[in-house]
Structure formats: C-alpha cells, structure tokens
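All chains are named by letter (A, B, ...) in the order of the sequence lines, taking the proteins before the strands, and each is independently numbered beginning at 1.
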There are 2 protein chains.
Amino acid sequence: MVHDDLQPSPPAASDERPSDPRAGAFQGVREAHRNELAEDYVELIAELIHARGEARPVDIAAKMGVTPPSVAKTLDRLARDGLITRARYRSVFLTDAGRALAEECQRRHDIVLRFLLRLGLDAETAEHDAEGIEHHVSERTLALFAAFADRS
Amino acid sequence: MVHDDLQPSPPAASDERPSDPRAGAFQGVREAHRNELAEDYVELIAELIHARGEARPVDIAAKMGVTPPSVAKTLDRLARDGLITRARYRSVFLTDAGRALAEECQRRHDIVLRFLLRLGLDAETAEHDAEGIEHHVSERTLALFAAFADRS
DNA sequence: GACGATTATTAGCCTTGTCTAATATTTGGC
DNA sequence: GCCAAATATTAGACAAGGCTAATAATCGTC
C-alpha cells in the first residue's frame, strides 16, 4: 500500500485511493470511460430496433465505425453484464436493464445536443461534440443545460 | 496538435470505414480518448513544475489517483511520444511539444471551467465535469463557451 | 433444395492502462 | 559514511478494445 490517507472525496465512486481532491475527478473520468462504450452500444441498439425492428451486428459495426469482430466481442461483454440478450447468428435484444440504460442515455444525449444547438453550434459539430460530452456531465450540469436549452 | 477541427465536415485524413455519418463521431471520440491520458499528464506535470519546481512520479501518482508503476508506464509512453524527457530516478521535464500541449490543455480547461461556473454550477461539480468535458469540445464549441463565460 | 453472397463467429495478435510484488536507487537522519 | 525510509523501477498478470484472417451459419435466388 502506498497511500493510507485521509479524506475520501465526496462525490466519487466506490474506490479508495484519495489523498488528493483532484484524484477523485480523474478517477471519475476513468470510471465514466468504462461505461461509455456500453452506453453507446445500448443507445445505438435501441435506435436500430426502433428504426428497423432489429439490431444486427453488421449494422452496429457500420454505425459505430468498427469491424464485426469488435462488435461481437463487445456484445459478449454486454450480454455478460446483463444489458442484452443474444443467440448465435441472431440479432440483439435489450434486457430491461439495457432498455433503461438506453433511455437514460438518449435523454442525456438529447439534452446535450439541444443545449449545444441553442448555444449556436452548427448541427454537425453539435452532434459530434454531444457524443463526446454526454458521458461526462453530472445531473446538475444536465439540469442547467436543459434549462438553458428550453428557456424562451 | 489534437483538436484542430474548425472544419466539421467529412471524417478527415486517411481512414477508410465511413459508410455512416455517425461513425465519424464515434471514431472521433475514440481518437480523443487515446490522447486524453497524455493531455491530463502533461497538464498535471506543468502544474507540479509550476507549483513545486519539479514533477516527481510519486506526486503525479497521488494527483492522478493511480499507483506509481502505472505512472512509470505512462511516462514511458509520453517520453516515447516526445512530450517529456526523463532520467531514471529523476523527476520529469516537459519537452517543447509537451509544454505546448500543456498550455493548450490549460487553456481549454480554463474556458470550460469558467463556462460551467458562469452557467451557475457549484465549484466542485464544475471542476469534476470540466475534467471530463475538456477533451471532447471542438474549437467551435470552445469559442462559444468562451463567449458565454466572458459576456457581460 | 442447392449454391453463392452475406453475415456472424472464432482464433489469435496488438496496444493501453490498471494492478501487486519484488527489486533498485536515492535521500535523509544520525 | 551508513542505514533505514522513501521513492522509482521492473516484472508479470489481467481486462478491454481494436484489428485481420479464417471458418461457420444463414439467406436469397434460382
């Protein structure tokens, strides 16, 4: 053990290696990263199911910009984590947990996107930045974004 | 440098796997992630040098919330990429490239942070969210953030 | 129903980034 | 100057996420 200090940072997750307040922020970002891919996948799967009635790996691969084997590996992890169900050579379905996560993500994405557009950004840049930002905004920030986007 | 996207248009440069416009956004996010750790490190190293006169691995580890061996491995990569110089058992120095990147990151961080504060966020949440957001805002968005933060 | 094209999966490799445990070096107190 | 403590590094494991190449299954068309 290297650090056995004081002061767990208030907002953070479950891990203990504080010793510096900023460390909490960095750990939070790393934590967010671990969930990011899963969130993007379930969000995309929900969209595909809505738009086409099913989510096939080949379409996920095209939309995500990765190869089918990468999709397969990630889908295995999502299934292991209880977010999707799948059968070999069949398309993908969301579990209740997956669907809830997808809706949550869509909500956040929508707020961030509307906020950026309201700020005056062009549609393409807004979409691009929203994709990166949406996983890193707290509920508090999201509330402020929503208020700004909806103000008259 | 890393973020130079004044052009929103087509997924730049040399990659071949378009087929969907959204794919570009996801690839951009993955690209950003590859640089994120390097950016956080050089920014932190610059801060440590400014505050204490030198950047020691043990302090970097404490601030980043990781163990010293993780720091060592990352520092090797930063040295390989020409952002820092180091000698065994000595503290770390930024190259010109590293210093330039650090300044760029500090500028972005500062703008995002001031923007969030101006929006009405508390200091702690603002710092936390800025840490996550700063790597994912385009120059265009940053310009809008700066304008909002500085408006009278 | 068979066959070629499409799609999905498997196998295997690479890189990052995290960790612990063990070792090496430097530093500071005496 | 010596020795213990602090610090740095190395070694080695593991998980994630990306890829290519090869194989397997399904689908569409005849």
K.L.:
In whole angstrom, what separates H33(A)'s NE2 from dA15(D)'s C1'?
P.N.:
17 Å
K.L.:
My understanding is that only residues two or more places apart in sequence, or in another chain, count here; which of them pass side chain to side chain contact (heavy atoms under 4.5 Å, CB included) with P69(A)?
P.N.:
T67(A)
K.L.:
For R77(B) and dT16(C), is the shortest distance between a side-chain N/O and OP1 or OP2 below 4.0 Å?
P.N.:
no
K.L.:
Under a 4.0 Å threshold between the charged nitrogen and the carboxylate oxygen, would E104(B) count as salt-bridged to R108(B)?
P.N.:
yes
K.L.:
Is the closest basic N to carboxylate O distance between R86(A) and E54(A) below 4.0 Å?
P.N.:
no
K.L.:
Expressed in angstrom and rounded to an integer, what is the separation of D59(A) atom CG from dA8(C) atom C1'?
P.N.:
13 Å
K.L.:
When you match D76(B) and L37(A) each to their closest nucleotide on DNA chain D, which lands nearer the 5' end?
P.N.:
D76(B)
K.L.:
Of all the choices, dG18(D), dA8(D), dC19(C), which nucleotide is nearest to the side chain of P57(B) once you look at every atom?
P.N.:
dA8(D)
K.L.:
Strictly below 4.0 Å, heavy-atom distances to any atom of DNA chain D: list the hits from residues 79-89 of chain B, or just say none.
P.N.:
R86(B), R88(B), Y89(B)
K.L.:
Does OP1 or OP2 of dT15(C) have a side-chain N or O of R30(B) closer than 4.0 Å?
P.N.:
no
K.L.:
Round to a whole Å and report the spacing from CD of E31(B) to C1' of dG17(D).
P.N.:
15 Å
K.L.:
Taking for each residue the nucleotide of DNA chain D bearing the nearest heavy atom, is the 5' side occupied by A72(B) or by R90(A)?
P.N.:
A72(B)
K.L.:
Send over the distance from L48(B) CG to dT7(D) P, rounded to a whole Å.
P.N.:
14 Å
K.L.:
Is there a path of hydrophobic side-chain contacts, each under 4.5 Å between heavy atoms of I/L/V/M/F/W/Y residues, joining F148(B) to V112(A)?
P.N.:
yes
K.L.:
NA contact type, P68(A), heavy-atom cut-off 4.0 Å: base, sugar-phosphate, or nothing?
P.N.:
base
K.L.:
Salt bridge check, R99(B) against D96(B): does any charged N sit closer than 4.0 Å to a carboxylate O?
P.N.:
yes
K.L.:
Provide, to the nearest angstrom, the distance between the CD1 atom belonging to I60(B) and the P atom belonging to dT18(C).
P.N.:
13 Å
K.L.:
According to a strict under-4.0 Å criterion, is R56(B) in side-chain N/O contact with OP1 or OP2 of dT7(D)?
P.N.:
yes
K.L.:
Looking only at side-chain N and O atoms, does S70(A) come under 4.0 Å of OP1 or OP2 in dC19(D)?
P.N.:
yes
K.L.:
Between P on dG17(D) and CZ on R34(B), what's the gap in Å once rounded to a whole number?
P.N.:
14 Å
K.L.:
Measure the distance from CE on M64(A) to P on dG18(D) and round it to the nearest whole Å.
P.N.:
7 Å
K.L.:
Linking I/L/V/M/F/W/Y whenever any side-chain heavy atoms sit under 4.5 Å apart, do L37(A) and I45(A) land together?
P.N.:
yes
K.L.:
Between T74(A) and dG17(D), is there a contact of a side-chain N or O with OP1 or OP2 at under 4.0 Å?
P.N.:
no
K.L.:
So, does the side chain of K73(B) form a donor-acceptor pair with the base of dT18(C) at under 3.5 Å?
P.N.:
yes
K.L.:
Can you tell me how the ring of H33(A) sits relative to the ring of H136(A), calling it parallel under 30°, perpendicular over 60° and tilted otherwise?
P.N.:
perpendicular
